[in-house]
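Proteins come first, then strands; the chains are lettered A, B, ... in the order of their sequence lines, and each starts at number 1.
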2 protein chains.
Amino acid sequence: MTRKVTIRDVAYLAGVSISTVSRVVSNKVNVNEITRQKVQRAIDKTGYEPNYTARALATKNTDTIAVIIDRTPSKGFANSFFLDILDAIATRLNFYSKDMLLVFSDGKNSTEYSKVKSLIQSNKIDGVIKLSVQKNDKTINFLKESSKPTVVVGRPNSKNMLSVNNDNPKAMQNAVNFLIKKGAKKPAFVGGNKEYIVTIDRQEGFELALKKHMINYDENDMYYVDFSIDAGYELADTLIEKEYDSVACTDDLIAYGIAKRYNELGKFIKIISFNNTYLSKISNLPFSSVDINAKLLGREAVDLIMNPQASQKQTIVDTKLIVRS
Amino acid sequence: MTRKVTIRDVAYLAGVSISTVSRVVSNKVNVNEITRQKVQRAIDKTGYEPNYTARALATKNTDTIAVIIDRTPSKGFANSFFLDILDAIATRLNFYSKDMLLVFSDGKNSTEYSKVKSLIQSNKIDGVIKLSVQKNDKTINFLKESSKPTVVVGRPNSKNMLSVNNDNPKAMQNAVNFLIKKGAKKPAFVGGNKEYIVTIDRQEGFELALKKHMINYDENDMYYVDFSIDAGYELADTLIEKEYDSVACTDDLIAYGIAKRYNELGKFIKIISFNNTYLSKISNLPFSSVDINAKLLGREAVDLIMNPQASQKQTIVDTKLIVRS
DNA sequence: CTGAAAGCGCTTACAG
DNA sequence: CTGAAAGCGCTTACAG
């Protein structure tokens, strides 16, 4: 195993100083064309590639963005939402020549917090994108004061943070309006874990729609279950018993479980849900679902983090109700 | 924004040299208890956290492992396989206090190759785990000669590489045996993209089983389609026309599409597939599927990369046919 | 346009 | 057990 070639080797071979090699490599500063070519030849011959850590130490720039993904909802959002947004983020980071450090967190806000804190304080990363927001989110409170740019996908509790989000209350309100237009008189709200802001925001939309249409409801008409098919499946019996004629659900996985159970019993219920994953299509009882545009959420998150001075600190990505059945 | 605290500040506050601070922090070498406490107090008071890049430069150790995920099959393996293995890898890396740099590749072997090459040559990472293997995989050929430990999830074309894999020929053979035991007389093989080794290996298992049972078949009985529900759905009409009585499929997504179409037409066909994702359960026509144990694959991959000298260079993870219907 | 030098913030062999 | 010094491999302000 031959020793790694350094800037010194290239400089020696080209007969110039290491400063000059550095200038050629970084390509930021004028270098005499002849010199440039000499250096380039030496680089090509040696296969020189600058040492990442040395450069990072000198420039205080790591070209790395951490992405924090929470296991709890990522199990839930039918996975494909999370893979989609990761993919979109990766693609856009690539465009900026940045790498992605992926951190799985377990929803336990404090272990996530210490991990993120240490990444930031040790200067291993240049910024962070966080893919979910909980109530009293310790990580977010820390990031808000952090020296590194941070983007939250979701609604942070502070207006000073960079964020990209859907207008969840409005999206849910529209979806419920649609349900009502189709004849719903007694809808139930079924949300995922109530600790997540996204659940709360969609519930708000549900309530707005009902109030607008003078439909009575109370807190017993709002259910919170795990982000899973099974949870929806099990809840269905309760929904049947309570004789709801429709459900506004925050997540396709849960909705799928509900639809499955109704279908099994030869019953029918109107459903709208979120994420427009393939579950909403392949169900035997296809249901309408709000497409939240994962691709664009991911892309905008990266654009924001790369341009933290942008005037627009809160980006809202449009949603679209995909109607089925 | 106050200046970042460095080892120098801590040393000054504690009244010792920076060497001593370093020793206390790294905790590898004996330090007088009194001294240790002085230093510790200074660390606590200042909130000192060692600079990652500086340490990495000095130790030539990045504590970062790159994970390469290929978009093509990851769309296909019903996604959940890939999220599962990423999750397992993340969990195990965490155990070793390593971070994960996630690289999405687009299946175009040459862009992936140059990305990986640059990560390695710039010393940004300590090792790589690659989640899929193609025929003539440029990246793998490069990694094989690389100075950094590399683990392939799948079957590499070289026995010298660290790898973790299922015994795919055997797993498929067993699954097909099961199909035959259940009465299959004319099975089709349906695989994903033929460029992936995993497709080839499972096909081999299919052929082995048929030969053993003296069932005639030829290459026209083997189909290769996209890793998608739609691809399976579309293929179904051909399968019906050719009057197959069963299908051995390499991927739940495809299998689901096939099952869906048969079901739609009020027809039935025996199916076995791979990955045991929830698609195999929720189908209206539930089918048996081989669980390839993503959790263990991920965990073993990390264990291998952390112990590259291990005697066992090729780890095989057991599979289990989950029987349904 | 180019080079010498200082600096980025650590680690570690060496000497005591 | 501890410190001074060299070194990791770059970048960049400064001077020419």
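- The closest donor-acceptor contact from the side chain of A:S163 to the backbone of A:V152 lies at 3.5 Å or more, if one exists at all.
- Under the 3.5 Å distance criterion, with hydrogens and angles disregarded, a donor-acceptor pair is assigned to the side chains of A:T64 and B:K124.
- Every residue two or more places apart in sequence or in another chain was checked for a side-chain hydrogen bond (donor to acceptor under 3.5 Å, both in side chains) with A:S97, and none qualifies.
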Exercise for review: Apply side chain to side chain contact (heavy atoms under 4.5 Å, CB included) to A:N141 and A:N157, showing your working.
Suggested key: CA-CA 9 Å; A:N141 290 336; A:N157 46 16; 3.6 Å; yes
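- Ion pairing between a basic and an acidic side chain is recognised when a charged N comes within 4.0 Å of a carboxylate O; B:K144 and B:D137 show no such pairing.
- Within a heavy-atom distance below 4.0 Å of DNA chain D, the residues of residues 30-39 of chain B found are B:N30, B:V31, B:N32, B:T35.
- Within the structure, the ring pair (Phe, Tyr, Trp, His ring centres under 6.0 Å) test picks out the following pairs touching residues 123-159 of chain A (sequence neighbours left out): A:Y113-A:F142.
- Side-chain contact annotation: A:T35 with A:R23, donor-acceptor N/O pair under 3.5 Å absent.
- A:D9 meets the salt bridge (Lys or Arg N to Asp or Glu O under 4.0 Å) test with A:R3; sequence neighbours excluded.
- A:N123 pairs by the side-chain hydrogen bond (donor to acceptor under 3.5 Å, both in side chains) definition with A:K148, not counting sequence neighbours.
- Nucleotides D:dG16 and D:dT12 are separated by 16 Å at their C1' atoms, to the nearest Å.
- Contacts of residues 15-26 of chain B with DNA chain C (heavy atom under 4.0 Å): B:I18, B:S19, B:S22, B:R23.
- Here the range on DNA chain D touched by chain B, meaning any atom under 4.0 Å from one of its heavy atoms, is D:dC1 to D:dG9.
- Taking the side-chain hydrogen bond (donor to acceptor under 3.5 Å, both in side chains) definition, one finds that A:D318 meets it with nothing, sequence neighbours left out.
- Shown here are the side-chain hydrogen bond (donor to acceptor under 3.5 Å, both in side chains) partners of B:R36, two or more places apart in sequence or in another chain: B:E33.
- Looking at residues two or more places apart in sequence or on another chain, you find a side-chain contact (heavy atoms from CB on, under 4.5 Å) between B:M306 and B:Y96, B:K98, B:V302.
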Check your understanding: Please, what dot-bracket string fits DNA chain D when only Watson-Crick and G-U pairs with both distances under 3.5 Å count, crossing ones use [ ] and pairs to another strand use |?
Key -> |||.||||||||.|||
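- Residue pairs meeting the ring pair (Phe, Tyr, Trp, His ring centres under 6.0 Å) criterion with at least one member in residues 44-66 of chain A: none, sequence neighbours excluded.
- At a threshold of 4.0 angstrom between heavy atoms, the contacts of B:Y48 are confined to the sugar-phosphate backbone, with no base atom among them.
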